[in-house]
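Here's the structure, in structure tokens; my notes come after.
Letters A, B, ... mirror the listed sequences (proteins, then strands); counts begin at 1.
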There are 2 protein chains.
Amino acid sequence: MERKKRTYTESVEKLRNVGLKPTRQRIALANILFSKGFRHIKAEDLYNEAISENIKVSLATIYNCLHQFTEAGLLREIKIDSTCSYFDTNLEPHHHYYFEKSKRVEDIIIDYKTSTITLPEPPQGGKIRTIDIVARVDA
Amino acid sequence: MERKKRTYTESVEKLRNVGLKPTRQRIALANILFSKGFRHIKAEDLYNEAISENIKVSLATIYNCLHQFTEAGLLREIKIDSTCSYFDTNLEPHHHYYFEKSKRVEDIIIDYKTSTITLPEPPQGGKIRTIDIVARVDA
DNA sequence: ATTTGTGCAAATCGTTTGCATCTGA
DNA sequence: TCAGATGCAAACGATTTGCACAAAT
């Protein structure tokens with residue numbers, strides 16, 4: 001009970017900090033997303049999890065929130081599979097394993113002591129926003 | 001005329017080599033894909049290009065062929081954007097710039113003299129099939 | 001002749017949108 | 001109060017599927 005209350009307060013704070021009004025649904029989703037370690041989650045999964053916790057929320061709101069959280073810098077969207085989007089709660093620079101059979105995503109922490117990537121300048125003077133590395137695993 | 005005929009024959013050969021029956025549509029699509037340098041193409045684009053060259057083909061066949069070509073090792077599918085798939089005619093190991101505004105894809109040839117990537121072992125004993133590197137450019 | 005490919009239209013799937021209703025400050 | 005959030009169902013766009021017809025060997 002105490003723990004639950006603390007999680008709730010933390011979610012409210014987190015939302016306020018990024019300028020999002022702490023509504024029932026946003027608080028509940030933030031609780032799910034941020035209270036038990038790093039996660040890679042699909043909209044559908046988050047929806048099911050919310051429903052199974054008796055949170056009254058629609059799929060449209062799930063999508064809205066995921067995008068709002070991403071824009072606010074609470075999540076990072078990862079594009080791995082053309083059939084669906086994943087959202088990552090780990091904001092630190094890191095990369096991913098993608099298990100193609102189980103469609104699961106897992107973090108890779110690259111050791112930059114033994115890794116260097118040198119890219120040529122992008123043509124047309126654009127700035128590189130991110131570099132995504134995905135190791136696709138046959139499992 | 002002579003050049004056209006040679007391209008045609010080459011496409012027929014190429015299809016036979018990978019065990020695909022050289023039908024009108026497959027030959028025509030192979031001509032488009034493989035006769036003018038490396039390309040990154042979407043199903044829709046290939047369809048439009050085919051139509052504008054008066055090739056009688058349906059979108060369903062475009063998808064069939066792209067997948068058959070990919071399985072046969074003539075193309076490589078690249079997953080960059082969750083809204084659509086790209087197919088790359090360059091089979092050499094290389095990576096990509098993705099211009100997010102124009103949704104264009106361009107090759108990066110990484111210089112492995114100055115780049116090394118060391119990944120930890122994938123968990124669960126799966127084998128790494130490919131490593132995809134996408135530099136997302138704000139242009 | 002027999003196998004294989006193709007076209008079409010309908011179905012599917014993840015995601016987005018429009019709009020009426022509700023909620024939080 | 002009242003801007004902003006939510007729910008619902010319908011719209012969407014890329015891709016796939018089922019099945020009758022056509023083409024390649």
Hey, are A/D88 and A/H96 close enough side-chain-wise for a donor-acceptor pair under 3.5 Å? yes
Closest-nucleotide ordering on DNA chain D, the 5'-leading residue of B/C84 and A/Q68: A/Q68
What integer distance in Å separates B/I80:CD1 from D/dA14:C1'? 17 Å
Verify whether one side chain among A/T7 and A/N31 offers a donor that lies under 3.5 Å from an acceptor in the other. no
Distance below 4.0 Å between B/T61 side-chain N/O and C/dG5 OP1 or OP2: no
B/T83 side chain near D/dA14 phosphate (N/O to OP1/OP2, under 4.0 Å): no
Quick check on D/dA23: is either OP1 or OP2 less than 4.0 Å from any side-chain nitrogen or oxygen of B/R24? no
Does a side-chain N or O from A/H67 land closer than 4.0 Å to OP1 or OP2 of C/dT16, or not? yes
I need the CG-C1' distance between A/L20 and D/dT6, as an integer number of Å. 15 Å
Within the structure, does a side-chain N or O atom of B/Q25 lie under 4.0 Å from either OP1 or OP2 of D/dA23? no
Rounded to whole Å, please give me the gap between CD1 in A/I51 and C1' in D/dG7. 11 Å
Any chance the side chains of B/H40 and B/D107 put a donor and an acceptor closer than 3.5 Å? yes
Using the side-chain heavy atoms of B/K21, tell me which of these nucleotides is nearest: C/dT4, C/dG7, C/dT6. C/dT4
Measure from CD1 on A/I41 to P on C/dG14 and round the result to the nearest Å. 15 Å
Base, sugar-phosphate alone, or nothing: which one does A/S82 contact when heavy atoms must sit under 4.0 Å apart? nothing
Ignoring backbone atoms, test whether B/S58 places a side-chain nitrogen or oxygen under 4.0 Å from the OP1 or OP2 oxygen of C/dG7. yes
Using whole Å, what does the distance between atom P of nucleotide C/dG14 and atom CG of A/D45 come to? 11 Å
Given D/dG7, C/dA9, C/dG5, the nucleotide with the shortest approach to the side chain of B/T23: C/dG5
Whole angstrom is fine here: how far is it from CG in A/L15 over to P in C/dA25? 11 Å
Can a donor-acceptor pair be found between the side chains of A/K103 and A/T83 at a distance below 3.5 Å? yes
How many Å lie between CG on B/N64 and P on D/dT15, as a whole number? 13 Å
Taking the six-membered ring of B/F87, is the NZ or CZ of B/K42 close enough (under 6.0 Å from the centre) and on axis enough (within 45°)? no
Using a 4.0 Å heavy-atom cut-off across all strands, classify B/K42 as base, sugar-phosphate, or nothing. nothing
Please report, rounded to the nearest Å, how far the P atom of D/dG13 is from the CG atom of B/D81. 15 Å
Which nucleotide in the list D/dT6, C/dT15, D/dT15 gets nearest to the side chain of A/A43? C/dT15
Does B/R16 make a side-chain N or O approach to OP1 or OP2 of D/dA24 shorter than 4.0 Å? no
Of the candidate nucleotides C/dG5, D/dT25, C/dG7, which contains the atom at the shortest distance from the side chain of B/R26? C/dG5
Strictly below 4.0 Å: does B/Y63 bring a side-chain N or O up to OP1 or OP2 of D/dT15? yes
Quick one: does A/E44's side chain get under 4.5 Å of A/E49's, heavy atoms only? no
